[in-house]
Peer 1: 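Dumping the structure here so I can ask a few things about it.
Labels below follow one simple rule: chain letters A, B, ... track the order of the sequence lines, proteins then strands, and each chain is numbered from 1.
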2 protein chains.
Amino acid sequence: MERKRSDNIAEELEGLILGGVFTPGERLDEVQLADRFAVSRTPLREAFHRLALSGLVEHIPHRGTFVRQPGPVELIEMFEVMAELEATCARLAAARITDEALDDMRATNARCLAAVEAADHDGYYHENERFHAILYRQSGNGFLEGECLRLHKRLMPFRRMQLRLRGRLRQSMSEHEAIVEALQRGAADEAAEALRAHVAVQGEKFHHLMAGLKQAAE
Amino acid sequence: MERKRSDNIAEELEGLILGGVFTPGERLDEVQLADRFAVSRTPLREAFHRLALSGLVEHIPHRGTFVRQPGPVELIEMFEVMAELEATCARLAAARITDEALDDMRATNARCLAAVEAADHDGYYHENERFHAILYRQSGNGFLEGECLRLHKRLMPFRRMQLRLRGRLRQSMSEHEAIVEALQRGAADEAAEALRAHVAVQGEKFHHLMAGLKQAAE
DNA sequence: AAGTGGAAAATTGTATACAAAATAGTTGAC
DNA sequence: GTCAACTATTTTGTATACAATTTTCCACTT
């Protein structure tokens, strides 16, 4: 294993946690991981702090660093907040959005649709992310944009899970089109409501998915 | 100077930054501060990470850690987001709030008013914080509550500044009463709008305050 | 004279050694 | 036999030494 930097370590650890190698609540052993990555404990602690910033792990003084995979309840709550934040973006963007951005959203949407046709999940995911990123930017509120990106990233693995649900992709696409349409008309409340519903439904779908998995495990 | 722990160092640094000892954009010299606190660089770096978590400083790899006091524009943006988050709390709380919590809010409000009468700024500030904390809790969304507390804390010094504005305290009190009243009736949209306005006005007041200070400095 | 190259200084990142704290395990008393 | 206290072990927190990177400054070339 090649020599790592703390940046890479944080990234790799993120992958391991999201990949399910470390179970939620598990303590991340510093010496063990230091040995695994062939580095000392110091950069590992740095990496832990970075993961704590994105909320993936929790550090308790004199106790250790623990995997903080959110449970179903907290996840629903996070989707609820995400829905509100995106709705706010939409409300603000409806008044401020530029024609260029509207065109960009339409183009992104088109590429998104193409990805759906080609069953290209990664492509869909990428374009979908771009669609939302444009919306955040067009809110005109840089702080709001940052908070949205942060939460969006944190929900990333859970959004990804539900892409497998049949028919969800196409439904999501038509929702995107309705959003663009409302933004173009400058209908703030309508756009906000469309976004709220668009994100909220993801939380619900996820809930169903989780319930299904739980049932299957029993 | 006594021996410090990284927790205390983070706290003390926070005070120094908020107290204006370190100017925004300034680089925090590790060796210099390590010498000042009579500790090594290691716990200082830990403290930096903690401050980065609350957004007070920014760490740039191989460049250093910089004071990240937000400018007027970002501050307005933050108040805008805070207003939306609190409005969401209100909307959710309107349906879920318990009678005990309503009584608690009224009692807190009463103590708040007493503090105003006694010109007890610290007391007012404390009770006001409690008022909002109850609201966050009553949203029933633990994640939302956490995000609100985080942002509220970050805006703390700026809220505090505007308490000096004449008449603002009493106005704020009557807004609180209107909020409680709307919550009691279960009027979600009304409560949300009341909160949004209540917080947004703080952002505006702050804006005026900053403009005044800037003018006075010229 | 201005711009580029490189060497030296300053500063951040990492490794190792040591200290402090928490947990676990064991012995003793009741 | 159970609970409590003490010791031993494990684990986190800190100090110091060293490596790597960035920046600065000076010399040299065009």
Side-chain angles (χ1 to χ4, degrees), chain A residues 1-17 20-70 146 150 153, chain B residues 1-18 20-70:
Chain A
M1 185 178 286
E2 75 206 296
R3 178 70 158 284
K4 307 284 182 188
R5 315 265 170 72
S6 72
D7 306 32
N8 305 328
I9 293 172
E11 241 177 76
E12 204 154 335
L13 264 178
E14 190 174 307
L16 288 174
I17 292 171
V21 177
F22 298 108
T23 58
E26 184 176 348
R27 190 177 65 80
L28 296 174
D29 193 297
E30 292 184 358
V31 294
Q32 185 184 318
L33 285 169
D35 188 60
R36 176 169 190 163
F37 289 116
V39 292
S40 82
R41 279 172 50 221
T42 314
L44 255 180
R45 290 170 66 85
E46 300 258 340
F48 283 169
H49 285 125
R50 246 168 255 197
L51 294 178
L53 263 166
S54 60
L56 212 65
V57 302
E58 186 180 13
H59 180 83
I60 303 174
H62 293 281
R63 297 291 296 275
T65 304
F66 300 83
V67 179
R68 199 168 135 25
Q69 194 103 327
R150 201 172 57 90
K153 185 183 171 191
Chain B
M1 186 179 287
E2 77 207 294
R3 180 69 158 285
K4 306 284 181 187
R5 315 263 171 73
S6 73
D7 306 32
N8 305 329
I9 292 172
E11 241 176 77
E12 203 153 336
L13 264 177
E14 190 175 307
L16 288 174
I17 292 171
L18 296 179
V21 177
F22 299 108
T23 59
E26 184 177 349
R27 190 179 121 267
L28 296 174
D29 193 295
E30 291 184 0
V31 294
Q32 185 183 320
L33 285 169
D35 189 59
R36 176 171 192 163
F37 288 116
V39 293
S40 82
R41 279 172 50 220
T42 315
L44 256 179
R45 290 169 67 84
E46 301 258 340
F48 284 169
H49 286 123
R50 247 168 254 197
L51 293 178
L53 264 166
S54 61
L56 212 66
V57 302
E58 186 182 14
H59 181 83
I60 304 174
H62 292 282
R63 297 290 296 273
T65 304
F66 299 84
V67 179
R68 200 170 134 27
Q69 195 101 329

Peer 1: B/Arg45 side chain: which of C/dG13, D/dT14, D/dG13 is closest?
Peer 2: C/dG13
Peer 1: Would you kindly give the CG-to-C1' distance between A/Asn8 and D/dA20, to the nearest whole Å?
Peer 2: 15 Å
Peer 1: Specify the separation, in whole Å, of atom CD of A/Glu46 and atom P of D/dT12.
Peer 2: 16 Å
Peer 1: Compare the minimum distances between each of C/dT14, C/dT11, D/dT22 and the side chain of B/Arg27, then state the nucleotide with the smallest one.
Peer 2: C/dT11
Peer 1: Between D/dG13, D/dT11, C/dA15, which nucleotide has the shortest distance from any of its atoms to the side chain of A/Val39?
Peer 2: C/dA15
Peer 1: May I ask you to test the B/Leu13-B/Leu44 pair for a side-chain heavy-atom distance under 4.5 Å?
Peer 2: yes
Peer 1: Looking across every strand, which nucleic acid part, if any, lies under 4.0 Å from B/Arg41 by heavy atom: base, sugar-phosphate, or nothing?
Peer 2: base
Peer 1: Is the shortest side-chain heavy-atom distance between B/Arg36 and B/Leu16 below 4.5 Å?
Peer 2: yes
Peer 1: For the pair made of NE2 in A/His62 and P in D/dT14, what is the distance, rounded to whole Å?
Peer 2: 7 Å
Peer 1: Does D/dG13 have its OP1 or OP2 closer than 4.0 Å to a side-chain nitrogen or oxygen of A/His59?
Peer 2: yes
Peer 1: For the side chain of B/Arg63, counting heavy atoms from C-beta on, which of C/dT14, D/dT22, C/dT23 is nearest?
Peer 2: D/dT22
Peer 1: Which whole-number value in Å describes the distance from A/Phe48 CZ to C/dT14 C1'?
Peer 2: 16 Å
Peer 1: Do the charged groups of A/Arg50 and A/Glu14 touch, with an N to O distance under 4.0 Å?
Peer 2: no
Peer 1: Between atom CD in A/Gln32 and atom P in D/dT12, what is the gap in whole Å?
Peer 2: 11 Å
Peer 1: Rounded to the nearest angstrom, tell me the gap between atom CG in B/Asp35 and atom P in D/dT16.
Peer 2: 11 Å
Peer 1: Between D/dG13, C/dG13, D/dA15, which nucleotide has the shortest distance from any of its atoms to the side chain of A/Glu30?
Peer 2: D/dG13
Peer 1: So with a 6.0 Å cut-off around CZ of A/Arg150, is the heavy-atom count from everything else above 12?
Peer 2: yes
Peer 1: Please pick, from C/dT12, D/dT14, C/dA15, the nucleotide with the shortest atom-to-atom distance to any side-chain atom of A/Thr42.
Peer 2: C/dA15
Peer 1: On DNA chain D, does the nearest nucleotide to A/Thr65 precede the nearest nucleotide to B/Pro61 from the 5' side, or the other way round? Give the residue.
Peer 2: A/Thr65
Peer 1: Without decimals, in angstroms, what is the distance between B/Leu44 CG and D/dG13 C1'?
Peer 2: 14 Å
Peer 1: So how far is it from A/Leu56 CG to A/Thr65 OG1, rounded to the nearest 0.5 Å?
Peer 2: 12.0 Å
